[in-house]
Amino acid sequence: MKHTPTIRAELDSYLEQKGLSLAQFGQLAGMNRGIISAIVSGNKSMSVNQLDLITEAMGLPEGEFYDLFIENYIIDHPPNMRRIEPFLFRCAELDRLDAIRRVVGAIMDNLLYSPKLFEIAETLLAQGRHAAALLLYEGVAEAEKYQHSERLAVCQYRIFTIQIGDDQSRNIRAAAVFEAFVERLDESDQLDALKDLANVYRSLRKWDKVDEMARKMRAKAEIQYSMKHEQRSRERDESVNKLSRPLFVYISYADLLCASACEAKGDYQQALQYTYAYADLGWVKETTDEATQHWIGLFQNWAECNIYVNTLLSGEISVLPDYVEYIAASKVDNEMVTKLLNLIFAANRYQLDVNDILKRFEMIIDSFVQQSSSDMYTKQVIPEQYARLSYELAYYHLHRGTYDDGFKYLMYSMVSYHTLNNESYYINCIGLFEHFRTHAVPETMQKFSKFIEKVWLDNVKENGTANHCG
């Protein structure tokens with residue numbers, strides 16, 4: 001039978017080796033002699049705080065005995081949340097995800113611990129410790145997978161939000177899993193969940209899914225908006241206050257999303273109809289507060305831009321000068337990439353010469369830097385659009401013989417789409433490069449070859465494929 005070592009045996013051995021009395025070690029650790037004695041004799045369990053003091057006094061790294069702590073005081077004892085909770089927080093601080101995983105595995109066969117672990121996960125999420133929180137949400141979700149509870153749905157929402165990142169292949173899997181849980185969420189959470197799903201699908205250019213999520217969000221938001229103004233109640237107000245945006249925004253944003261889907265499919269007239277819908281917000285009842293005015297201003301600004309865009313893309317080239325002046329007068333922010341993308345897309349579609357226009361915005365294009373954000377639109381849609389802007393600029397320059405600029409933007413796009421793990425657009429970049437390969441200078445060829453080799457070696461490492469080159 002395997003003998004499990006104990007922390008008290010390790011401590012007893014250390015005291016013997018160093019020739020220290022309990023009182024002397026207690027002074028080193030800043031602990032009472034009686035507590036040290038009780039721990040060594042096995043008459044007292046210990047807290048993670050006491051364990052950290054003992055570990056430090058022994059001159060060992062932080063968390064050295066955490067595996068033994070799990071064995072001695074969690075697995076070998078009935079779970080005690082007063083002991084487990086501070087231990088989980090401490091593991092999160094030290095990024096000991098392995099220890100958190102073991103604790104969750106040891107106690108989650110009992111559903112009674114789900115509420116407390118969920119509460120701990122929410123606190124960790126608020127602290128920005130996403131990896132640790134994810135393990136707890138996953139543990140609770142696994143334990144409650146047959147319960148059909150709202151807490152299970154919230155866990156799945158949190159898991160989805162944490163997992164969404166640069167890898168678009170992973171994002172589409174996360175979205176597909178979470179989508180099945182949206183209807184189990186609280187009414188207000190459903191609106192934010194549908195908004196987040198729509199933005200992820202938008203970044204993936206899954207336009208049918210964008211349209212589906214938008215229509216669901218609009219229907220639910222319209223019902224809630226009607227109830228809000230027909231049934232004034234404290235409970236209804238509290239539900240609305242949980243939303244990340246004013247309630248009317250979800251209705252108008254659904255129209256904006258539907259317009260984006262129509263535009264992407266080339267139905268510019270229908271896109272314009274949706275755009276006119278979210279431009280006209282005279283139906284909004286809350287018009288005096290600052291938040292409402294802020295959002296109304298945003299929608300009007302977006303509508304002005306998108307009316308230009310859809311008119312231009314439908315073939316009315318005469319609006320181009322007005323659109324350019326609109327861009328020039330705009331604030332330089334994350335939305336600028338979308339405005340410039342539409343400009344260059346129209347130029348490529350209708351073979352327009354926009355050299356002078358690009359020269360005008362050259363500094364903005366070349367200095368555009370992504371800003372980190374917790375908002376799903378800024379995290380997902382903007383990076384994809386920047387990669388596509390680079391591709392469209394590369395296409396424009398290469399087809400006009402300005403090869404240095406063309407290959408520069410093509411490399412930006414290729415690296416971006418590789419980071420996003422978007423295989424289709426990454427291959428498009430390679431195809432465009434191959435089409436113009438004969439115009440690439442040796443330095444460009446070398447950069448391209450090195451990058452392709454790096455992608456290959458990364459794939460070898462990730463997939464475990466044999467690399468016979470050594």
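Values below: all heavy atoms of this structure, side chains included; hydrogens, waters and symmetry mates excluded. Residues take their numbers from the sequence shown, with the count starting at 1.
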Name the atoms and distances for all side-chain donor-acceptor pairs under 3.5 Å in residues 123-130, with sequence neighbours left out.
from, atom 1, to, atom 2, distance (Å)
Thr123, OG1, Glu119, O, 3.2
Gln127, OE1, Arg129, NE, 3.4

Item checked: With Tyr403 via ring-ring contact (aromatic ring centres under 6.0 Å, His included) - residues at least two apart -> His439

Note to self: Considering only residues two or more places apart or on different chains, which pairs with a residue in residues 197-219 satisfy ring pair (Phe, Tyr, Trp, His ring centres under 6.0 Å)?
What the structure shows: none

Note to self: Taking ring pair (Phe, Tyr, Trp, His ring centres under 6.0 Å) as the cut-off, I'd like each qualifying pair that reaches into residues 164-197, sequence neighbours left out, listed once.
What the structure shows: Tyr157-Phe178, Phe160-Phe178

Item checked: Under the side-chain hydrogen bond (donor to acceptor under 3.5 Å, both in side chains) test, residues paired with Gln293 that sit two or more places apart -> none

Next item on the list: Identify, with sequence neighbours excluded, every residue that meets side-chain hydrogen bond (donor to acceptor under 3.5 Å, both in side chains) alongside Arg205.
Entry: Tyr425

Notebook entry, point to check: Which residues pass the side-chain hydrogen bond (donor to acceptor under 3.5 Å, both in side chains) test with Arg215, sequence neighbours left out?
Noted result: Asp211, Tyr274

Note to self: Going by ring-ring contact (aromatic ring centres under 6.0 Å, His included), name the residues that satisfy it together with Tyr276, two or more places apart in sequence or in a different chain.
What the structure shows: none

Notebook entry, point to check: What pairs with Glu93 under side-chain hydrogen bond (donor to acceptor under 3.5 Å, both in side chains), at least two apart in sequence or on another chain?
Noted result: Arg90

Check: Who passes side-chain contact (heavy atoms from CB on, under 4.5 Å) against Gln351, sequence neighbours left out?
Finding: none

Notebook entry, point to check: Residues in ring-ring contact (aromatic ring centres under 6.0 Å, His included) with His418, at least two apart?
Noted result: Tyr426, Phe451

Notebook entry, point to check: What residues, two or more places apart in sequence or in another chain, satisfy ring-ring contact (aromatic ring centres under 6.0 Å, His included) together with Phe361?
Noted result: none

